[in-house]
Asks: 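Structure below; questions to follow.
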Amino acid sequence: LGLALAAAVALAAWRRRRPRPLREVLFFPSRPSCTEALLAEAAEPGAAVLPCPCPLPPGDCSLSRLLRLLLSARRSLDICLFAFCSPQLGRAVRLLHRRGVRVRVVTDAQYMGLRGSQIGLLRHVGIQVRHDQEDGYMHHKFAIVDRKMLITGSLNWTTQAIQNNRENVLVVEDAEYVEPFLDEFERIWEKYNPVNYRCF
């Protein structure tokens, strides 16, 4: 009985010490705030951050939280987005690429050429981007950080959606949910391989 009790106490202590898997919900529109210090710190960790001249107050908000989650990537970031026009999110993705994180992006062919799209800037720095060749939209909105964190919801990564729309983002570290999204990403990544593109 004493041994069983000791084992139960040890198991309970281990469970308390073990980090809990991330589960978070973000809602938009995001409160206006300056993200310059966050991005500058990510670009040059430890460097002195100069005050930003913009009039927005610093502080935590849904956008800054989303940026922190993305910037936590150490090995890989797979992005599957209908529209990607947010300068802040685009800058974060380019910083990750520069840091050596493998970044892959799947997007919609019709929307990647819109004014303000970040896709051209991503391609310019060498990030792999693939797009659909179909009549329907590539309408997914998800990202996978280090093959273990899923970021998904209604949010397109656009300034309009971030600042004005009622949107949601769910963040989970749970293999039961991450694995199907990884499988879907790999499936369409291969389907949209440029060797399969139809040229007219």
Side-chain angles (χ1 to χ4, degrees), residues 21-22 26 28 39 42-43 63 66-162 165 167-200:
L22 181 65
L26 304 174
F28 293 82
L39 290 165
L63 175 58
L66 179 56
L67 284 166
R68 282 190 188 92
L69 292 165
L70 291 173
L71 290 167
S72 73
R74 294 294 171 259
R75 294 177 303 282
S76 66
L77 176 63
D78 294 323
I79 301 171
C80 201
L81 283 175
F82 175 61
F84 190 171
C85 300
S86 165
Q88 295 97 331
L89 293 171
R91 185 170 160 197
V93 171
R94 293 193 306 275
L95 285 171
L96 289 170
H97 172 71
R98 194 170 83 197
R99 194 189 288 167
V101 173
R102 183 193 68 169
V103 178
R104 298 183 295 172
V105 179
V106 170
T107 192
D108 184 79
Q110 295 180 50
Y111 274 72
M112 68 181 189
L114 288 182
R115 183 179 179 149
S117 174
Q118 294 293 300
I119 299 301
L121 293 171
L122 300 181
R123 280 187 159 150
H124 182 72
V125 298
I127 294 173
Q128 296 181 71
V129 177
R130 294 185 181 179
H131 60 80
D132 62 321
Q133 283 276 302
E134 302 157 341
D135 292 334
Y137 292 124
M138 199 307 298
H139 209 245
H140 281 313
K141 302 164 188 74
F142 69 86
I144 305 165
V145 175
D146 291 337
R147 301 182 65 83
K148 67 179 184 178
M149 181 198 302
L150 172 65
I151 301 170
T152 189
S154 66
L155 183 75
N156 277 306
W157 291 10
T158 68
T159 302
Q160 166 70 28
I162 291 165
N165 294 357
E167 307 277 3
N168 65 81
V169 170
L170 175 67
V171 184
V172 292
E173 285 182 331
D174 186 327
E176 183 179 351
Y177 297 101
V178 175
E179 287 296 328
F181 280 87
L182 279 170
D183 292 344
E184 173 69 353
F185 185 90
E186 295 295 347
R187 186 184 70 78
I188 59 179
W189 182 256
E190 286 309 312
K191 183 173 184 179
Y192 296 165
N193 189 321
V195 301
N196 301 324
Y197 289 175
R198 299 185 305 275
C199 298
F200 298 99

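All values below come from the heavy atoms of this structure, side chains included, with hydrogens, waters and symmetry mates left out.
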Asks: Do any N or O atoms from the side chain of Asp146 and from the backbone of Arg75 form a donor-acceptor pair under 3.5 angstrom?
Replies: yes

Asks: Return the set of residues passing ring-ring contact (aromatic ring centres under 6.0 Å, His included) with His97 (not counting sequence neighbours), or none when no residue passes.
Replies: none

Asks: Check ring-ring contact (aromatic ring centres under 6.0 Å, His included) between Phe28 and all other residues, then give those that pass, not counting sequence neighbours.
Replies: none

Asks: Angle between ring planes, Trp157 versus Phe84, binned at 30° and 60°: parallel, tilted or perpendicular?
Replies: perpendicular

Asks: Got a sec, which residues hit salt bridge (charged side-chain N to carboxylate O under 4.0 Å, His left out) with Lys191, two or more places apart in sequence or on another chain?
Replies: Glu134

Asks: I need the Asp174 CG to Leu150 CG distance, nearest 0.5 Å.
Replies: 9.5 Å

Asks: Hey, could you give me each pair passing side-chain hydrogen bond (donor to acceptor under 3.5 Å, both in side chains) that has a residue in residues 83-93? Not counting sequence neighbours.
Replies: Glu36-Arg91, Ser86-Gln88

Asks: Once you round to the nearest 0.5 Å, how far does CG of Asn165 lie from CG of Asn156?
Replies: 8.5 Å

Asks: Taking atom CZ of Phe82 and atom CE of Met138, what is their separation to the nearest 0.5 Å?
Replies: 8.5 Å

Asks: Taking the inter-plane angle between the rings of Trp189 and Phe185 on a 0 to 90° scale, is it parallel (under 30°), tilted (30 to 60°) or perpendicular (over 60°)?
Replies: parallel

Asks: Between Thr107 and His131, is there a donor-acceptor pair closer than 3.5 Å when you use the side chain of the first and the backbone of the second?
Replies: no

Asks: Rounded to the nearest 0.5 Å, what separation is found between the CG atom of Asp108 and the CD1 atom of Ile119?
Replies: 10.0 Å

Asks: Might you point out which heavy atoms bring Leu95 and Ala42 nearest each other, and give the distance in Å?
Replies: CD1-CB, 4.1 Å

Asks: Are any side-chain N or O atoms of Thr158 and backbone N or O atoms of Cys85, one a donor and one an acceptor, separated by less than 3.5 Å?
Replies: no

Asks: Please list all pairs passing the side-chain hydrogen bond (donor to acceptor under 3.5 Å, both in side chains) test where one or both residues lie in residues 115-130, with sequence neighbours left out.
Replies: Arg94-Gln118

Asks: Looking only at non-hydrogen atoms, find the nearest pair between Phe181 and Tyr177 and report the distance.
Replies: CD1-O, 3.2 Å

Asks: Check for a donor-acceptor pair, side chain of Asn196 on one end and backbone N or O of Glu190 on the other, with a separation under 3.5 Å.
Replies: yes

Asks: Output the distance between atom CG (Leu89) and atom CG (Leu67), rounded to the nearest 0.5 Å.
Replies: 5.0 Å

Asks: Any idea which heavy atoms bring Leu71 and Arg74 closest together, and the distance?
Replies: O-NH1, 3.2 Å

Asks: Quick check: closest heavy atoms across Thr152 and Lys141, and the distance to 0.1 Å?
Replies: OG1-O, 3.2 Å

Asks: Between atom CD1 of Ile188 and atom CG of Asp183, what is the distance when rounded to the nearest 0.5 Å?
Replies: 11.5 Å

Asks: Applying salt bridge (charged side-chain N to carboxylate O under 4.0 Å, His left out), name anything that partners Arg68, two or more places apart in sequence or on another chain.
Replies: Asp60

Asks: Where is the tightest heavy-atom contact between Leu96 and Leu70, given as atom of each residue plus distance?
Replies: CD1-O, 3.3 Å

